Q: 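Quick one: the structure is below, and I'll ask about it shortly.
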2 protein chains.
Amino acid sequence: METSAAAALPKYYVLKEQILTLIEDAVPGTLIPTERALAEQYGTSRTTVRQAIGELVSEGRLDRTQGRGTYVAPPKVTHVRQLTSFTDDAASQGLTAAARIVDVSVLPADPATARRLAVEPGTDIHRVERIRLVDGEPLAHEVAFLAGPLPDLARTVAERGSLYAALREDYGIRIAEVEDTVETKLAGPAEVQLLDVEMGAPMLLVHRLGFTPDGQPVEWTESVFRGDRFRFVARMHV
Amino acid sequence: METSAAAALPKYYVLKEQILTLIEDAVPGTLIPTERALAEQYGTSRTTVRQAIGELVSEGRLDRTQGRGTYVAPPKVTHVRQLTSFTDDAASQGLTAAARIVDVSVLPADPATARRLAVEPGTDIHRVERIRLVDGEPLAHEVAFLAGPLPDLARTVAERGSLYAALREDYGIRIAEVEDTVETKLAGPAEVQLLDVEMGAPMLLVHRLGFTPDGQPVEWTESVFRGDRFRFVARMHV
DNA sequence: CACGAAAATTGGTCTAGGCCAAAATGATGG
DNA sequence: CCATCATTTTGGCCTAGACCAATTTTCGTG
């Protein structure tokens, strides 16, 4: 006679659910017991505790800092729409969205990017690398490639604070249609450094190809969003 | 003097990249060395090898089976569009898409679902639970809730093979607009059983609210897609 | 040769503990 | 009272190995 079907569950998963009940009503920032304490309390090894906590961190339920401890995480950022402007949309939710410009430069298009933007390989294109912040916290790393003459792009983007706004107001370019692809990706060293996530944390990898009203592709963007904080929203006609 | 910035990388991550170079030109299905062999070969512990392999499995680069071994995974399913019909769209890519119906039933709406479908709580609504398959492999678990009178829904969906087709052809309901939200989620026991993924594997959790041309919400769907095989595509006007 | 049992192989889970690095804590001197 | 430095605490990474379960392989038997 077996005890129950649930007995087949990995030990770390049972522990994960128990920790979840511990924190479900807790105020964000509340410290949970240390890994060593939990290991002793639940009669398990620290390795198993770390596996349970690791998944809860990946899911955005816990945060942890070396030397400080592990604590209840703030709730997920309720959907930030990608379409329209990130900046405008976040504001409509009462969030302060900002973008830190890392680099604005001009460089010859590599074959893949050239194909996407429908230009000859080697044509000069613009590269805009930014870190998107919501309420001061880094949420996404974004690299946009833009075709066409865009004089003084570094300045206009900095002044407008929004790439789409600069394209529209300063260059008369309107993005009328976008094609987004969304997939999962695990955080590597770059994301750890730029977005303050843990190695291996699940991320959303978003590619966007933006078209002008007459169907010309002008924007190719690759973004990596924190999977534990972000929710992608797309509304569309079928 | 420090050796280099790369020296700060975790050992498992370096190993992961080395395994990646081992398999980058390999035919899908090729077995890689056993965990014990890799541990010895790279002078590390099996735990570290498993962490490296685990991430590669999560990323869809490797598959592994207990007793059999670890082998190179087939490439990611190139974007399956969510809009239009899943069935039609997969076919246009030369893939055989199918859906296995798990359950079709009628039940009273709980408060949250009632609110989304703009009906009174307790109103009878339809529930359609399916497993979506591509080339015979389970790709997603999907539960749809539908408002309105849909007589004999179980039969019509089974015959049409597509929920959207049944709504359109048999009930005259056209979904004209959809709002999708996409976020990450880690696989739990349910996904492990239904979708043949590993515990903790990153998944895409997709919610869809579908509207008729006159703005009436009629469809609320919650889907869990395999993050290692799937790419979500949304094309829209801004 | 075919079949089934036994053995070997391989991944799955877990333990116990060591060493390191970052942060918090406490002692100490100005 | 405050700044500074040593100590302690806590998470981060890794090792070595045990035991289990699924699968494959081997081998004895009919």
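Chain letters run A, B, ... following the sequence lines, proteins first and then strands; every chain starts at 1. Here the structure is a predicted model, which is why all the values come from computation and not from measurement.
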Q: Which residues in residues 58-71 of chain A have at least one heavy atom lying under 4.0 Å from any atom of DNA chain D?
A: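 Going residue by residue through residues 58-71 of chain A, the ones with a heavy atom under 4.0 Å of DNA chain D turn out to be A:R64, A:T65, A:Q66, A:G67, A:G69, A:T70.
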Q: Considering residues, nucleotides and ligands other than A:R61, do more than 12 of their heavy atoms fall under 6.0 Å from its CZ?
A: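 Count not over threshold, so no.
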Q: State which residues pass side chain to side chain contact (heavy atoms under 4.5 Å, CB included) with B:A190; sequence neighbours excluded, sorted by chain then number.
A: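 B:A190: no side chain to side chain contact (heavy atoms under 4.5 Å, CB included) contacts found.
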Q: Apply side chain to side chain donor-acceptor pair (under 3.5 Å) to A:T96 and list each qualifying residue two or more places apart in sequence or on a separate chain.
A: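 Per chain and number, A:T96 pairs via side chain to side chain donor-acceptor pair (under 3.5 Å) with A:D135.
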Q: With a 4.0 Å heavy-atom cut-off, tell me which residues in residues 187-202 of chain A come close to DNA chain C, sorted by residue number.
A: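 When residues 187-202 of chain A is checked for heavy atoms under 4.0 Å from DNA chain C, there are no hits whatsoever.
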Q: Among residues 20-42 of chain A, which contact DNA chain D at a heavy-atom distance under 4.0 Å?
A: A:T34, A:E35, A:R36
Q: Got a list of protein N/O to nucleotides 14-17 of chain D N/O distances below 3.5 Å?
A:
residue : atom : partner : partner atom : Å
D:dC14  : OP1  : B:K11   : N            : 2.2
D:dT15  : OP1  : B:K11   : NZ           : 2.8
D:dT15  : OP1  : B:T44   : OG1          : 3.2
D:dT15  : OP2  : B:T44   : OG1          : 2.8
D:dT15  : OP2  : B:S45   : N            : 3.1
D:dT15  : OP2  : B:S45   : OG           : 2.8
D:dT15  : OP2  : B:T48   : OG1          : 2.5
D:dA16  : N6   : B:T47   : OG1          : 3.4

Q: Do B:R68 and B:D63 meet the salt-bridge criterion of a basic N to acidic O distance under 4.0 Å?
A: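 The answer is no: the pair does not qualify as a salt bridge.
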Q: Compute whether any side-chain donor of one residue and acceptor of the other, for A:E179 and A:H207, lie under 3.5 angstrom apart.
A: no
Q: Do A:L209 and A:W220 pass the side chain to side chain contact (heavy atoms under 4.5 Å, CB included) test, and can you show the C-alpha distance, the side-chain angles, and the key distance before you say yes or no?
A: CA-CA 5 Å; A:L209 189 56; A:W220 167 251; 4.0 Å; yes
Q: Taking only residues two or more places apart in sequence, or in another chain, which ones meet B:H126 in a ring-ring contact (aromatic ring centres under 6.0 Å, His included)?
A: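 Per chain and number, B:H126 pairs via ring-ring contact (aromatic ring centres under 6.0 Å, His included) with no residue.
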Q: Which residues pass the side chain to side chain donor-acceptor pair (under 3.5 Å) test with B:E137, not counting sequence neighbours?
A: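 B:E137 satisfies side chain to side chain donor-acceptor pair (under 3.5 Å) with no residue once adjacent residues are dropped.
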Q: Please table the atom pairs, donor to acceptor, closer than 3.5 Å between any side-chain atom in residues 13-27 of chain A and protein atoms at least two apart or in another chain.
A:
residue : atom : partner : partner atom : Å
A:K16   : NZ   : A:E55   : OE1          : 2.7
A:K16   : NZ   : A:E59   : OE2          : 2.9
A:T21   : OG1  : A:Q18   : O            : 2.7

Q: Can you pull out every side-chain hydrogen bond (donor to acceptor under 3.5 Å, both in side chains) where at least one residue sits in residues 190-199 of chain B? Sequence neighbours excluded, please.
A: B:R64-B:E198
Q: Write out all pairs satisfying salt bridge (charged side-chain N to carboxylate O under 4.0 Å, His left out) with one or both partners inside residues 37-46 of chain B, taking only residues at least two apart or from two chains.
A: B:E35-B:R46
Q: Mind checking what makes side chain to side chain donor-acceptor pair (under 3.5 Å) contact with A:Q66, not counting sequence neighbours?
A: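 For A:Q66 there are no side chain to side chain donor-acceptor pair (under 3.5 Å) partners, ignoring immediate neighbours.
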